[in-house]
Amino acid sequence: MSDHKLEDAAFDAEATFEVEDYMYFYSDMLKEASTERQLAFLVDALDLHAPPELPVPLRILDLACGFGRHANRLAAMGHQVVGVDLMEGFLQLARQDAQARGVTVDYRQGDMRQIDFEQEFDRVLLMFTAFGYFSDEENALVLSKVARALKPGGLFVMDIHNRDMFLKDFLPEHVTEKEGNLMIDRITFDSLTGRLHNRRIVIRNGVRKDKPYSVRMYNPSEIKALLETSGLQIQQFCSDWEGNPISTESRRMIIIARK
């Protein structure tokens, strides 16, 4: 795995995903109940049932695994899990949680554009809007790498914003306040490139940090075409973790695709 720091990306990954600030502001969205709801969906949609229903453990790749909230739970079910994330700080948290749970996960620091697996995994996960931060060509490369990593017939799940609904509710400014600390999002959208640009500012303990980033937003037809070009056929297109079908009012796209 490469320790490439995304010098050529349209954002500073080290700043955007700085572990302490990220966990501080996003912790309310990453609570146990929401994780368990997501896991229940994944178990059904990806056939990840624990033994004896699934006698042979599956090989699972969790890309942008973060602090291991899905990977460690899947390992506890008996699956063989590899977690890849760019940020070593998240991986340290993931390893600590794995140890506390008494499970083993192969955590590796790396860039998802640089993975080099070939037909090694039964399932690949790419969760919590972790797709789209690169150029169009590199985003397509990531999906090609995913397809290459999957065994024939393997399944892939991705969880991203639905651009169509995002633009309906577009807000150019949004402020998150927690204990007197602020995360200020100043957002613009480029219709020609399909990219959201966020000139984010975090103010914690009186200290200002600039954390700008850019992410490619996709609508359903675009992501469908991109997946198919990568050799992945969509099996399920959901709007939420209850498995409801996507609609014009869907804020998210949870997509299951098969190699």
Exercise: do [X] and [Y] side chains pair donor with acceptor under 3.5 Å:
{"X": "Thr129", "Y": "Arg252", "value": "yes"}
{"X": "Tyr107", "Y": "Asn72", "value": "yes"}
{"X": "Ser230", "Y": "Lys145", "value": "no"}
{"X": "Tyr218", "Y": "Asn139", "value": "yes"}
{"X": "Glu138", "Y": "Tyr133", "value": "no"}
{"X": "Tyr213", "Y": "Asp12", "value": "no"}

- request: Could you pull out all residues at least two apart from Glu118 that satisfy salt bridge (charged side-chain N to carboxylate O under 4.0 Å, His left out)?
  value: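 Glu118 satisfies salt bridge (charged side-chain N to carboxylate O under 4.0 Å, His left out) with Arg148 once adjacent residues are dropped.
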
field: Those residues that, when tested against Arg101, pass salt bridge (charged side-chain N to carboxylate O under 4.0 Å, His left out) (two or more places apart)
entry: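 Once residues adjacent in sequence are excluded, the partners of Arg101 under the salt bridge (charged side-chain N to carboxylate O under 4.0 Å, His left out) criterion are Asp97.
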
Measuring from atom [atom1] of [X] to atom [atom2] of [Y], what distance do you get when rounded to the nearest 0.5 angstrom?
{"X": "Ser135", "Y": "Arg195", "atom1": "OG", "atom2": "CZ", "answer": "7.5 Å"}
{"X": "Lys211", "Y": "Glu14", "atom1": "NZ", "atom2": "CD", "answer": "10.5 Å"}
{"X": "Ile246", "Y": "Ser239", "atom1": "CD1", "atom2": "OG", "answer": "7.0 Å"}
{"X": "Leu226", "Y": "Ser144", "atom1": "CG", "atom2": "OG", "answer": "8.0 Å"}
{"X": "Gln114", "Y": "Leu86", "atom1": "CD", "atom2": "CG", "answer": "10.5 Å"}

- prompt: Can you check whether Gly154's main-chain N or O pairs, donor with acceptor, with Lys259's side chain at less than 3.5 Å?
  reply: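 Flag not set: sc Lys259 to bb Gly154 has no pair under 3.5 Å.
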
task: Could you tell me whether the side chain of Asp190 and the main chain of Gly194 form a donor-acceptor pair under 3.5 Å?
output: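 Looks like no, no N/O pair under 3.5 Å.
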
- request: Evaluate whether atom CD of Glu32 has more than 12 neighbouring non-hydrogen atoms of other residues, nucleotides or ligands under 6.0 angstrom away.
  value: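 Yes, enclosed.
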
- prompt: Is there side-chain contact between Ile203 and Ile201, with heavy atoms separated by less than 4.5 Å?
  reply: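 Counting from C-beta outward, Ile203 and Ile201 do come under 4.5 Å.
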
- prompt: In terms of side-chain geometry, is the basic nitrogen of Asp85 or Arg108 positioned less than 4.0 Å from the acidic oxygen of its partner?
  reply: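 Looking at Arg108 together with Asp85, the answer is no, because their closest N to O distance does not fall below 4.0 Å.
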
Pair Glu173 + Arg199: basic N to acidic O under 4.0 Å: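 The answer is no: the pair does not qualify as a salt bridge.
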
message: Between Glu222 and Arg216, does the salt bridge (Lys or Arg N to Asp or Glu O under 4.0 Å) criterion hold? Intermediate values first, please.
response: CA-CA 11 Å; Glu222 282 183 317; Arg216 177 69 151 88; 3.4 Å; yes

- request: Apply salt bridge (Lys or Arg N to Asp or Glu O under 4.0 Å) to the pair Asp185 and Arg200, showing each step before the final yes or no.
  value: CA-CA 5 Å; Asp185 291 330; Arg200 172 174 285 177; 2.6 Å; yes

- prompt: Step by step, would you call Asp122 with Lys151 a salt bridge (Lys or Arg N to Asp or Glu O under 4.0 Å)?
  reply: CA-CA 6 Å; Asp122 302 287; Lys151 299 175 183 177; 3.4 Å; yes

- request: Establish, for the pair Arg113 and Phe134, whether the NZ or CZ atom is under 6.0 angstrom from the six-membered ring centre and no further than 45 degrees off its axis.
  value: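 Yes, Arg113 lies over the aromatic ring of Phe134.
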
- prompt: Relative to Phe128, does Arg69 satisfy both conditions: NZ or CZ under 6.0 angstrom from the six-membered ring centre, and within 45 degrees of the ring's axis?
  reply: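 Ring-cation test returns yes.
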
field: Pair Phe17-Phe90, ring pair (Phe, Tyr, Trp, His ring centres under 6.0 Å): steps then yes or no
entry: CA-CA 9 Å; Phe17 299 113; Phe90 281 128; 7.3 Å; no

message: Parallel, tilted or perpendicular, judged at 30° and 60°: which one describes the rings of Phe166 and Phe170?
response: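 The arrangement is perpendicular - the two ring planes meet at more than 60°.
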
